[in-house]
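Proteins get letters first, then strands, A, B, ... in listed order; numbering begins at 1 in each. Worth saying up front: this structure is predicted, and the values here are computed from it rather than measured. Side chains included, hydrogens not; waters and symmetry mates left out as well; all remaining heavy atoms used.
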Number of protein chains: 2
Amino acid sequence: MEDWEQILTAAGHRITAPRQAIMQVLAQSETPLSPQEILERGLAYHVRLGLVTVYRTLELFEEFGLACRVHLAEGCHGYVLRQPGHRHVLLCQECGRSIEFSGQDDLDTLVARVAARTGYRIADHWLQLFGVCPACQEIET
Amino acid sequence: MEDWEQILTAAGHRITAPRQAIMQVLAQSETPLSPQEILERGLAYHVRLGLVTVYRTLELFEEFGLACRVHLAEGCHGYVLRQPGHRHVLLCQECGRSIEFSGQDDLDTLVARVAARTGYRIADHWLQLFGVCPACQEIET
DNA sequence: TTTTATGCAAAGTTTTTGCACTTTC
DNA sequence: GAAAGTGCAAAAACTTTGCATAAAA
């Protein structure tokens, strides 16, 4: 049994064909996918998959930290799988490929400084970086 | 003539009642507002204001860096006025109030480190902090 | 008076809800 | 077999487009 299946099972949720299909799709994608895209690819694994289920499954995955929503400048319909422990997304503006990184330490300094300056008690943060991945840099030259 | 009016005028855009109404609404709000909310409040300043115009105006404001889109966990429909120079948003999870901060230096370190580690050429970043503002902390006690 | 902007209506998308039927455990 | 999950259809919410009218410079 895979890791995510244990997490859901432990919370009383069931492992179903649609959920496995959606996880499969997310796991095989290097770029964030919209619910619509997930549906299209997911049909290959589960013919009767419906868009409604994709929405509900993404919500579930997000609730358990298995996937996270990626907000792009044009919209906010992308979802990517979330590696445990890692928190931030780095997106390539050319090809859309996304990787994750941690870099927690540096952020902690910043967060502490902002907290001290503003009086806010800071509970969470959300960082995304945008750039050009090594592969796309090569194409340019 | 206000600053934003000069910016738009210089680019050949006109200062209209709807635009003034929307700017007024944004300026007076401490929390991010959705197009729908902007419409509702904007009607107080310009009775014939329409939702379509709100969308088009926000797009225009964003293009000129006058407003920016704020992405919240629940959705991504909020807009706030953007103070020049500042880049990041800090949101109160209790009351929704948002302030901006810069904190560029700390981020530069992080960005440089991530760039070195991943090989990405990082062009832009996007940081939002979430927490509890001083006022809401007092209410708790 | 010329050009830009508006607002209505309508179309296009995206997301959510209700409910009977399936599937998992 | 009971509870959780699915998928259809339909509704709701959000966003964009076309076009005739209105307003700004």
Item to complete: Just call it for B/Leu51: base, sugar-phosphate, or nothing, with non-hydrogen atoms closer than 4.0 Å on any strand.
Response: base
Worksheet entry | Sugar-phosphate only, base, or nothing, as touched by A/Arg48 at under 4.0 Å among non-hydrogen atoms | sugar-phosphate
Between [X] and [N], is there a side-chain N or O to OP1/OP2 distance below 4.0 Å?
{"X": "A/His46", "N": "D/dG7", "value": "yes"}
{"X": "B/Thr9", "N": "D/dA25", "value": "no"}
{"X": "B/His13", "N": "C/dT4", "value": "no"}
{"X": "A/Arg19", "N": "D/dG5", "value": "yes"}

Rounded to whole Å, please give me the gap between [atom1] in [X] and [atom2] in [N].
{"X": "B/Ile38", "N": "C/dG7", "atom1": "CD1", "atom2": "P", "result": "14 Å"}
{"X": "A/Leu8", "N": "C/dC25", "atom1": "CG", "atom2": "C1'", "result": "15 Å"}
{"X": "B/Arg56", "N": "D/dT16", "atom1": "CZ", "atom2": "C1'", "result": "9 Å"}
{"X": "B/Glu63", "N": "C/dA5", "atom1": "CD", "atom2": "P", "result": "10 Å"}
{"X": "A/Leu39", "N": "C/dT15", "atom1": "CG", "atom2": "P", "result": "13 Å"}
{"X": "A/Leu49", "N": "C/dT22", "atom1": "CG", "atom2": "P", "result": "18 Å"}
{"X": "B/Leu58", "N": "C/dA5", "atom1": "CG", "atom2": "C1'", "result": "15 Å"}
{"X": "A/Glu59", "N": "C/dT14", "atom1": "CD", "atom2": "P", "result": "18 Å"}

Worksheet item: A/Tyr120 versus B/Leu129: any side-chain heavy-atom pair under 4.5 Å?
Response: no
Discussion item. Nearest to the A/Arg14 side chain among C/dT6, D/dA3, D/dT15, which nucleotide is it?
Written reply: D/dA3
Worksheet item: When you measure from the side chain of B/Tyr55, which nucleotide among D/dC14, C/dT6, D/dA25 comes out closest?
Response: D/dC14
Restricting to non-hydrogen atoms, name the atom on [X] and the atom on [Y] that form the minimum distance, rounded to 0.1 Å.
{"X": "B/Gln137", "Y": "A/Gly119", "value": "NE2-O, 3.0 Å"}
{"X": "A/Pro18", "Y": "A/Leu49", "value": "CB-CD1, 3.8 Å"}
{"X": "B/Val54", "Y": "B/Pro35", "value": "CG1-O, 3.7 Å"}

Discussion item. I want to confirm an ordering. Mapping A/Val52 and A/Pro18 to their closest nucleotides on DNA chain D, which one lands closer to the 5' end?
Written reply: A/Pro18
Worksheet entry | Residue whose nearest DNA chain D nucleotide is more 5′ - A/Val54 or B/Pro35 | A/Val54
Practice prompt. Select from B/Val47 and B/Gly12 the residue whose nearest nucleotide in DNA chain C is closer to the 5' end of that strand.
Written response: B/Gly12
Worksheet entry | Toward the 5' end of DNA chain C, by each residue's nearest nucleotide, B/Thr16 or A/Gln36 | B/Thr16
Fill in: Co-membership, hydrophobic cluster, residues B/Leu58 and B/Val52, 4.5 Å side-chain
no
